[in-house]
Structure formats: C-alpha cells, structure tokens
Amino acid sequence: MNISLIDIEENMPDQIIGNDFFGEEEIRRRNRMFSGTSERRHLRKGELASDYFGVAAKNLMERLNLDPAKDIDLILTNVSLPDEAFTGCGAVVSKKIGARTKHIIDMHNTGCVSFLYLLDVAKTYMLAKKVNSAIICLAQTAAGRIFGQEDTRQLAQAAIPGDGFAVAYVTSSDERPILSMEFETYPENSEDMRGNTGDKKWWEARETTGSIDFNENKTAMIVARGNKAVPGMIKKVCENLDMKTTDINYLITNQPNLNFLRNWREATQLTKDQHLDTFDKYANLFGAGIPVTLAESIKNKTIMPGDMVCLAGFSHACDYSAGALIQWT
Amino acid sequence: MKEQIHVSKIPGLSRVEHVDKHEMGGIMADITHAVYPHDQVYGEYCPIQSYINCPPEKVFEYMANPLSLREWTYSMRDFEMLSDDGLFRGKDKIGSNTDIYFKVVANKEAMVVDYHCAWDQGDELWMIYLNRIIPAELVLGKPGSVVFWQNCCHPNYKKNPYPDLAPKGRPWVGDFWDFFYAGHTVELENLKRILEHRHARDLPMSPLAIQ
C-alpha cells in the first residue's frame, strides 16, 4: 500500500498587487534578496482561508466526481497566519464543503514544507488504517493580512510574500504513488525567524501591524543553511530509489527568492526549464508555494504522465527541511 | 637522531609503485564531482585569486602599504598607527563601531603580503589574510600579475575569544564566514580595478594620503 496524490487544485485571490504598491523601491531594486517579482496576490480584508479552501475542495471533488460527505476521511490544514487564534480552520472547511470526517488536524509549523509534512501525516494515518482518503489544505495568508497594511507596505520585505491556496486529494492506493519522502529538523535554528511587533508581544494591544524578522546578523548562515539543506533532501529522496538528481524530470521547491532557486537547480544539475516556479507572478507563497506550482504545472500540461517529480524545500530560517518524489502516472 | 624511513613504509600514500595507473584513474574519477557544495569548497579555507593587468612590483608596493587598505577594502577606514612596529587601529564599518587592529607583514623577495588583523583588540592578531603575488608572465604567459588570497577558518571565527570587548549587539565576524568568498571576491575586484586604473594611466600607485 502506498499513498497517492490523486489531484490538486489551486485557488488564488483575485486581488493583484503590483510592485508600485510597496515602499523602499530603491532598496528593493538594489537588494537582490527583495527583488525578482512582478506581482503577487493579496487577500482582501475579512477574507478567510476556510473560504478559499472550501471553493478549491469543492472544485476538486466535482472534478473527481466524489462526494465530500463520503469520500474524505481526514482533513489536514496549514495556514501561515490563521483565520482564528484558537480553533484552526479544518472544522470550518469541513462544514463549508459538507464533509463529515473522522479526523481533522490543523498543523501550524513547518511553513514552506508543510505540504510534505502533511503528506507524511496522511500517509501515517493510512498505514495505521485509520483513514483511506484525505484532503490537504495549504494557505499562505500573511501577504494581505500583514503586508497589505498601510504601516507595513512601506518595508522592502513587504513585496516578497504573496497569498495563495491549494487543496490536494490523497488516497491509500498505488494510483500515483509518493515513492520516497525525507524529513529533517534543525531545532538550533528555530528562533532565527520571528514576528516583530516591537516591544509588544503579538497578543498585546499595540498600534502597529508588525512584520516578520529574520535575524539579519545570521543572513550569511541562513543562506548557507538553505543552500545545503534543500539539495541534501533532493539527493536523499533520489538515493532511496537508486536515482541520480539528473533523473528527475521536474523539481518544485519553495520559492523564497531567485538566488535560492538558482542555487538549488545548480546543485542538483537541473535546468531552469526543469525547475518549476511561480515566483514572478505569485512571489513567495510560503507553504502554498509547492502545491500551487504543482497544481498549475499539471493544469498547463508541463508535468505529463511518466514524469518523475521532486518536491523539496526548507522552512523559515531552516528549522525544517523535506523532500518527496512522485511518479506522475 | 632517529633513522629516516623510506616513504613506502608510510601508510596511505598513492605512488606509482603500489597504485597502478588504472587504479589511480578510478581514484581520480571518484574524487572528481560535477558540482561541489559551497561549504566543501569554502568551509575550512577560503582561497580566491585574480589576474591583474599591472606589473608585480607595483602590485606589491601598493598591497604592502597599510594605507592602501582604506582604498580597496569594503569597510576598513579611519586608520591611526599605534606603534613603531606597524600596528594600526582602524574602524571596520561593516560592524557598527568596530575597531579593527592590523599589521602588514610583507616580504618583497617572496612577493607575499599578509594582513594580520583582529576585531576589538590588538594583542592577538588571529585573522590572517595571506596574499602571494606572481608574475603573470610565468603562469599565464602574459604581462601583469596573479594574486592568490587565502584565508583559513581559525576556531575564533566560530567563537569570539574576547566577548567582553565586543560592542553590545554587534554580530561576530565569524557569523559571516559563509559570505567570505563573496565579500573577498568583491574586494579583490576593487583591488584589481584600482591597480589597473592607475597603471594604465601611468599614475602614482601609492594610496592617497587623505581618505
């Protein structure tokens, strides 16, 4: 028995934000860490991740001719900046699509590689024979919610995040198997990316929106970590199958900036055409990046039956990394 | 004094007497990769090099002058000489309010110019930048110079030996080791451009006295 990725649907906010929305244009132009995007999507005020998931899940179930009430045993979600602080949105999604699953898990960590971690959770439930099918819902919501605000859009970093959503349907079957998965955690790096809300904690009353801060003193080390961790994961999943990285037909990684994308394909000896991304139009989609690019690449028929597809990435300042290989049948 | 032993008694050597050329071919193919991870190439040592279209004597003269560092380094400025043996103190503007202490140790016969430096104190100059200047005529068959610039990752890069002397909140120089290849490449390009500019126009080579 294997876990199969049956289908995947992306759902993007219709609000397109161009580069001129953001401040510090000069810094963005001169600093390559903050450049390379033409536009990105932003959630509007009041919009919910659960709504986007609901629409994507309904489209997916209709396309597969499945009944949400019967054909989903498990709902898994990851939302970068959640709709609600306490409750998670998995149960809300279930309500909106008319599902009645045995299990719902809202997972908050593993950022840009959350799709892979949630695939592993689904696989584990399936191996334990607790479920036969699952939807995996990935959302990046921090762009509109944080960087669409008046006081934060002036920052150079504000142009980099973009919002996006994807829902994948997986089953316990050999239909389109995930052949190899690898994971690693690096707790020593766990505090190098944090929310910055000045001298107030994020739950305390304050006048500013806040932003996301990487430890700038550790920029060199964070770049080095990402350069090493992601090719390492790609090599590991290939070695598990006695493959070389050059046997991969398509690679999809998280998309923090153009430098990382270049370095990862150089390290794995893949061409630019083989390394798929949506960075120019959607910017950094965090955990939604890998599934959104995968969904688009299937729809536009870039990925075709027979292709060996590798998914890989790292999260935050490199506290988690992961890789997976899927034979597209 | 102990008796010398023949090298064939030293384990682990690959010499033609014991490793034939077919076996050697396999060893070399195994060592040769298509790509090398950054930290494998620049993790312990950071060697860079450049061709400079300027005669080796002029390159040596310029590099051996401590004041030249104000011109071609990215961030070393505001020098003052502290002692007759050539110890200087300056500001390294890459770290806010950071003092950098340094000495130039040069040998004209060997055409080497080494910079012995340290942040925050001048008693132990452990950040050592090793430079060798070679006539390009010898190695590339054309006029000019080749400069080899080497750094070794001293354990102090991993851990500041004098944390009490560091300005509060200032990142440690060793946190940037992974950017040394990039930073030094930019600075070596500065050196090349300055030397080629002055040599091509037959200008005085020495650094300007004013900053």
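Every heavy atom of this structure was used, including side-chain atoms; hydrogens, water molecules and symmetry mates were not. Residue numbers start from 1 in every chain, and the chains themselves are labelled A, B, ... in the order their sequence lines are given, proteins ahead of strands.
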Give each N or O donor-acceptor pair spanning chain B and chain A at a distance under 3.5 Å, with atom names and distance to 0.1 Å, or state none.
from: B:Asp39; atom 1: OD2; to: A:Lys228; atom 2: NZ; distance (Å): 3.1

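Listed in order of number, the residues of residues 120-143 of chain B that approach chain A to under 4.5 Å between heavy atoms amount to none.
More than 12 heavy atoms of other shown residues, nucleotides or ligands fall within 6.0 angstrom of atom OH in B:Tyr162.
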